[in-house]
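Submitted below is the structure of interest, expressed as structure tokens.
Positions are given from 1, in the same order as the sequence printed here. Side chains are part of it too, since the values below use all heavy atoms of this structure and drop only hydrogens, waters and symmetry mates.
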Amino acid sequence: MKRYRKKDLLQIVSTFVQVNDSITRTASSTALFDVEEKFAECQQAAIDLGNYLESLKDMDYTPMVGILEDYCENIYQLGIGIRDETLCRKLSKKIRKQLIQLQNAITYDMPQDKKEVVFLPYKAAMWDSLESVWRAAHEDADCEAYVIPIPYYDKNPDGSFREEHYEGDQYPKDVPITRYDVYDFEERKPDIIYIHNAYDNWNMVTSVHPKFFSSNLKKWTDRLVYIPYFVLGEVEPDNEQAVESIKHFCFMPGIVNADKVIVQSEDMKRIYISEFLKAAKEHGLQGKHLDRSYLEQKFLGLGSPKYDKVCATKKEDLTVPQEWLKVIEKSDGSWKKIILYNTGIAALLANDQKWVDKIENTLGIFRENQDEIALLWRPHPLIESTMRSMRPEILQKYTMLKEQYLAEGWGIYDETADVDRAVVISDAYYGDGSSVVQLYQQTGKPIMIQNVEITM
């Protein structure tokens, strides 16, 4: 059912008033067909409004529904007697009085609208980039928060879509999920929509369903908010070389279309604004996109929900899978040292075959030391999709290494949606540079970045 806000209800009643005044004032010169059509529209709107009020459970709207029913009857009589000037004046006066009562009831008796806030994650493993914001909205009595995971597709090398993925069953049990094909965005028009994917059709590896491109979402909400699914290493805004390496994150379709962009720090905000302005000029954008004062309000350096999540996750509260414990526990019941081995997309694309060789070498070293060290290998969730689309020549060897690792069973392979568990449960980080490194820094535990040029 369509969602009405108080301002929507008042606008509908205002339209009733305008139609009533207009038709009765010009009844003698108005075509009968036009009168019947306008009255029919008002009647249907009143019926829809009455049905909506009856569906609400927060209070008894029977008196308001009664006014709407009387209104429908009176405009029906007005339509019948439209040529009778005396009857028109009498009915019009009665209708206007009813509509004033309805306006007052909506204004003073109805509770204030709750904000309807929608979160649109696509990869469950990236949910931590939105989770703390959702929890705040979920616990706010003045908000109705919806988590609506959206489908996405892997891409072929030519850019066409391959298989569809939907991960709505992979979220924490305390997060209520709404199906994307049940929630009517166009009808409900949520107050705020949060996204963590800003690529639209710019991503060569995956794509969310085109219905959920930011250009479409912008039509359905008063405020579109983008929060990156990643965190970057902090960079000084004056460090031109470092800024050059991250500037591509600062200008994407979702950033252009968003009303607000939340980034991890004030320094990162400065970088985003500066690089956005440069790219906006190159792409020929006009107006507010080139207005620095507007961009100062659009970009907010409030931090990342990913930090909130990892800092709130306690080791003693984690549920460790039994198959993990078989790898972690020694014969005396104590735990081995756990090393989080993280492999990422940037290192893959930069090093190709050397990257795969380095993984093979690393697995061999940890296999030899499995009595004292438990390896927790966690690849980026889009690593194989990236190889299929952009590096198909190394996919076969990578797949062979992964399958061998799984078959031997001496280490843990973590492809779950919960990266925070891996961060918190491990004793040290080893692997590629990625946003997981930025999360790991929050724990204060050791970090070592692997170098593909070094093998043992």
Do NZ/NE/NH1/NH2 and the carboxylate oxygens of Lys211 and Asp181 come within less than 4.0 Å?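 Salt bridge between Lys211 and Asp181, a charged N being under 4.0 Å from a carboxylate O: no.
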
Check this for me: does any side-chain nitrogen of one of Lys278 and Glu282 sit under 4.0 Å from a carboxylate oxygen of the other?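 Salt bridge flag = no for Glu282 with Lys278.
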
When you compare the side chains of Ser389 and Asn156, does any donor N or O come within less than 3.5 Å of an acceptor on the partner?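 On atom types as modelled, these side chains do not qualify, holding no pair under 3.5 Å.
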
Is Lys288 salt-bridged to Asp291, going by a charged N under 4.0 Å from an acidic O?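 Salt bridge: no.
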
Answer yes when Glu296 and Lys269 have at least one side-chain N-carboxylate O distance shorter than 4.0 Å, and no when they do not.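 A salt bridge links Glu296 with Lys269.
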
Stepwise, does the side-chain contact (heavy atoms from CB on, under 4.5 Å) test hold for Tyr226 with Met252? CA-CA 11 Å; Tyr226 166 60; Met252 292 182 283; 3.8 Å; yes

Would you find more than 12 non-hydrogen atoms of other residues, nucleotides or ligands less than 6.0 Å from Glu163 atom CD?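 Count over threshold, so yes.
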
So that I can tick it off, tell me whether Asp140 and Lys115 are bridged by a salt bridge, with the cut-off set at under 4.0 angstrom between side-chain N and carboxylate O.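 No, no charged N to carboxylate O under 4.0 Å.
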
Salt bridge flag under 4.0 Å for residues Glu384 and Lys402: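 Yes, Glu384 and Lys402 are salt-bridged.
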
Would you call the rings of His289 and Tyr294 parallel, tilted or perpendicular, where under 30° means parallel and over 60° means perpendicular?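 Perpendicular.
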
What distance do Glu234 atom CD and Ser265 atom OG have between them, rounded to the nearest 0.5 Å?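 Reported to 0.5 Å precision, the distance equals 3.5 Å.
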
Are Thr416 and Asp414 linked by a side-chain donor-acceptor pair shorter than 3.5 Å?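 Result is yes, a qualifying pair exists.
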
Can you label the angle between the Tyr272 ring and the Phe299 ring as parallel, tilted or perpendicular, going by 30° and 60°?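 Judged by the thresholds at 30° and 60°, the geometry between Tyr272 and Phe299 is tilted.
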
Testing the 3.5 Å rule here: is there a donor-acceptor pair between the side chains of Ser385 and Asp154?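 Yes, a side-chain donor-acceptor pair sits under 3.5 Å.
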
SB check Glu244 Lys247 (cutoff 4.0 Å):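 Salt bridge flag = yes for Lys247 with Glu244.
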
Stacked cation flag Arg188 on Trp220, 6.0 angstrom / 45 deg: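 Verdict for Trp220: no cation-pi partner in Arg188.
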
Side-chain (Lys219) to main-chain (Glu186) donor-acceptor, under 3.5 angstrom: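 Not confirmed, Lys219 side chain does not pair with Glu186 backbone.
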
Do the charged groups of Arg96 and Asp21 touch, with an N to O distance under 4.0 Å?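 A salt bridge links Arg96 with Asp21.
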
Between Phe251 and His283 (judged by ring centroids, cut-off 6.0 Å), do the two rings come close enough to count as a pair?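 Ring-ring flag for Phe251/His283: true, centres closer than 6.0 Å.
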
Derivation of the side-chain contact (heavy atoms from CB on, under 4.5 Å) call for Phe119 and Ile195: CA-CA 6 Å; Phe119 297 82; Ile195 59 173; over 6 Å; no

With no hydrogens and no angle check, do the side chains of Gln98 and Tyr71 hold a donor and an acceptor under 3.5 Å apart?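 Judged by distance alone, the side chains do not pair up.
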
So, are Arg270 and Glu266 salt-bridged, with charged N and O less than 4.0 Å apart?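 Answer for the salt bridge query: no.
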
What orientation do Tyr180 and Phe212 show, parallel under 30°, tilted 30 to 60°, or perpendicular over 60°?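 Answer is perpendicular, since the angle exceeds 60°.
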
